[in-house]
Colleague: 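Here it is, the structure, as structure tokens.
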There are 2 protein chains.
Amino acid sequence: MPISAYNGAMARAASTTDAFNAVAEPRRRQILDLLSAGERPVNDLVAVLGLPQPIVSKHLRVLREVGLVDVRDLGRQRVYCLNGRHLKPIHDWVKAYEASWSRRFERLDGVLEELTDQEFTGQQEFRKKEDRHGSDGD
Amino acid sequence: MPISAYNGAMARAASTTDAFNAVAEPRRRQILDLLSAGERPVNDLVAVLGLPQPIVSKHLRVLREVGLVDVRDLGRQRVYCLNGRHLKPIHDWVKAYEASWSRRFERLDGVLEELTDQEFTGQQEFRKKEDRHGSDGD
DNA sequence: GTGACATATGCCGATATCGGCATATAATGG
DNA sequence: CCATTATATGCCGATATCGGCATATGTCAC
């Protein structure tokens with residue numbers, strides 16, 4: 001029995017419940033980008049984005065539920081502003097992979113996709129399962 | 001006419017076509033995490049993750065289509081390895097928001113969510129739409 | 001209060017996602 | 001060749017997502 005035992009009951013994992021998902025939607029990112037320049041009322045976003053207002057409101061709702069934006073009532077307007085706090089986990093996660101694109105993998109950039117195991121492991125010819133990942137340690 | 005003119009034809013934006021989406025799935029992140037320690041054949045991932053093999057293969061497929069992993073044939077095994085290149089756009093995107101959680105918003109950390117516009121703009125009392133985002137320029 | 005403005009919501013349909021399962025494909029070993 | 005191992009795929013059903021539209025809610029102006 002492996003590690004996590006696999007709870008095979010839910011038809012789907014998470015959804016729009018975390019920052020990762022919220023940000024997976026391009027429009028939502030666009031909204032955040034706009035808000036990063038400063039707070040804006042919905043109408044402003046609607047105008048700039050060129051989307052129907054309900055759509056924008058819905059995206060804002062998702063962003064809000066995830067905590068990526070805060071709202072403030074201003075008369076009959078609702079002013080949204082960025083709250084980058086929940087963006088940090090994402091940053092922390094990707095940052096751990098920084099090494100994989102900066103240097104060291106650089107030269108493999110397109111090469112890895114081209115070369116076959118033939119070319120790559122030409123002399124070794126290992127097909128016994130024992131070798132499969134004998135040297136994980138990078 | 002605003003900026004993007006809004007193409008109101010598609011029922012959905014992107015999907016599993018970009019790194020943002022691929023990474024929005026927790027299991028997929030988990031797989032990448034495992035692969036960041038070194039390449040692994042599918043079976044290994046299956047064992048560690050405790051998920052049914054088809055599920056893992058499907059997630060790997062998504063990751064592959066987005067370019068986040070590369071595959072190598074090794075006898076009857078398929079060895080997957082991380083390819084962090086397509087993670088960089090994500091990193092670049094979030095990094096731009098770094099300031100929003102590091103300092104300056106730090107002290108507002110939980111406060112912002114608590115205080116209402118009343119408390120916050122107590123003395124100003126602006127409700128005319130002209131002020132709504134007068135000082136965007138941060 | 002009535003009406004205009006600003007925004008949020010609800011319902012709908014199309015589509016996409018994800019897991020489950022069976023099965024296809026491919027390579028290996030006897 | 002056949003069985004086994006390793007992995008990929010296809011189909012299914014449940015559910016979630018997203019846009020479109022109408023409409024509810026709330027606020028301000030008159």
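In what follows, chains carry the letters A, B, and so on, assigned in the order in which the sequence lines appear, proteins first and then strands, with residues in each chain numbered from 1.
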Colleague: Output every pair passing salt bridge (Lys or Arg N to Asp or Glu O under 4.0 Å) with a member in residues 48-59 of chain B, not counting sequence neighbours, ordered by first then second residue.
Modeller: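 Qualifying pairs: none.
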Colleague: Send over the distance from A:Q77 CD to D:dA29 P, rounded to a whole Å.
Modeller: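 From A:Q77 CD to D:dA29 P: 12 Å.
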Colleague: If I take atom CZ in residue B:R27 and atom C1' in nucleotide C:dG19, what distance separates them, rounded to the nearest angstrom?
Modeller: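 Value for this atom pair: 9 Å.
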Colleague: Taking side chain to side chain donor-acceptor pair (under 3.5 Å) as the definition, give me every residue that meets it alongside B:R29, ordered by chain and number, with sequence neighbours left out.
Modeller: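 Scan of B:R29 (side chain to side chain donor-acceptor pair (under 3.5 Å), adjacent residues dropped) gives none.
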Colleague: Decide if the gap between the ring center of B:W101 and the ring center of A:H91 is smaller than 6.0 angstrom.
Modeller: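 Distance test on ring centres: under 6.0 Å, yes.
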Colleague: How would you list, by chain and number, every residue that makes a side chain to side chain donor-acceptor pair (under 3.5 Å) with A:Q53, sequence neighbours excluded?
Modeller: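 Residues passing side chain to side chain donor-acceptor pair (under 3.5 Å) with A:Q53: A:S57.
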Colleague: Decide yes or no on side chain to side chain contact (heavy atoms under 4.5 Å, CB included) for A:Q77 and A:V42, but give the supporting numbers first.
Modeller: CA-CA 7 Å; A:Q77 300 190 310; A:V42 180; over 6 Å; no
Colleague: Can you measure A:H59 atom NE2 to D:dT17 atom P for me and round it to whole angstrom units?
Modeller: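 About 12 Å, once rounded to whole Å.
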Colleague: Start with the C-alpha gap between B:L82 and B:L68, add the side-chain angles, then the distance that decides, and say whether side chain to side chain contact (heavy atoms under 4.5 Å, CB included) holds.
Modeller: CA-CA 6 Å; B:L82 176 68; B:L68 283 174; 5.6 Å; no
Colleague: Pick out the pairs of N or O atoms, protein on one side and nucleotides 8-11 of chain D on the other, that lie under 3.5 Å.
Modeller:
from: D:dA8; atom 1: OP1; to: B:R78; atom 2: NH1; distance (Å): 3.4
from: D:dA8; atom 1: OP1; to: B:Y80; atom 2: OH; distance (Å): 2.4
from: D:dA8; atom 1: OP2; to: B:S57; atom 2: OG; distance (Å): 2.5
from: D:dA8; atom 1: N7; to: B:Q53; atom 2: NE2; distance (Å): 2.7
from: D:dA8; atom 1: N6; to: B:Q53; atom 2: OE1; distance (Å): 3.3
from: D:dT9; atom 1: OP2; to: B:R61; atom 2: NE; distance (Å): 3.3
from: D:dG10; atom 1: O6; to: B:K58; atom 2: NZ; distance (Å): 2.8

Colleague: Can you check the B:L51 CG to C:dC18 P distance for me, whole Å?
Modeller: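 Roughly 13 Å, once rounded to whole Å.
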Colleague: Checking A:V79 against A:D44 for the side chain to side chain contact (heavy atoms under 4.5 Å, CB included) test, could you report, in this order, the C-alpha distance in whole Å, the side-chain angles of both residues, the deciding distance, and whether it holds?
Modeller: CA-CA 9 Å; A:V79 182; A:D44 252 45; over 6 Å; no
Colleague: Using a cut-off of less than 4.0 Å, is there contact between a side-chain N or O of B:N43 and OP1 or OP2 of D:dT5?
Modeller: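 Indeed not, no polar side-chain atom of B:N43 lies that close.
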Colleague: Report the distance from atom CZ of B:R72 to atom C1' of C:dA27, rounded to the nearest whole Å.
Modeller: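 Distance check: B:R72 CZ to C:dA27 C1' gives 16 Å.
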Colleague: Is there any protein nitrogen or oxygen under 3.5 Å from a nitrogen or oxygen in nucleotides 1-4 of chain C, and what are the pairs?
Modeller:
none

Colleague: How close or far is atom P of C:dT17 from atom CG of B:D18, stated in whole angstroms?
Modeller: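 One finds 11 Å between P of C:dT17 and CG of B:D18, rounded.
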Colleague: Measure the distance from CG on A:L45 to C1' on C:dA6 and round it to the nearest whole Å.
Modeller: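 Distance, rounded to whole Å: 13 Å.
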Colleague: Could you tell me the separation between the CG atom of B:D73 and the C1' atom of C:dA26, rounded to a whole number of Å?
Modeller: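 Those two atoms, CG and C1', are 9 Å apart.
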Colleague: Describe the nucleic acid contact of B:R64 in one word from base, sugar-phosphate, nothing, applying a heavy-atom distance below 4.0 Å.
Modeller: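 Nothing: the residue B:R64, judged by heavy atoms under 4.0 Å, touches no strand.
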Colleague: Can you list everything that forms a side chain to side chain contact (heavy atoms under 4.5 Å, CB included) with A:R64? Sequence neighbours excluded, please.
Modeller: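 With sequence neighbours excluded, A:R64 shows a side chain to side chain contact (heavy atoms under 4.5 Å, CB included) to A:V69, A:V71, A:Y80, given in chain and number order.
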Colleague: Looking only at atom types and distance, does a side-chain atom of B:Y97 sit under 3.5 Å from a main-chain N or O of A:D33, one as donor and one as acceptor?
Modeller: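 Indeed, once roles are kept as given, a pair shorter than 3.5 Å links the two residues.
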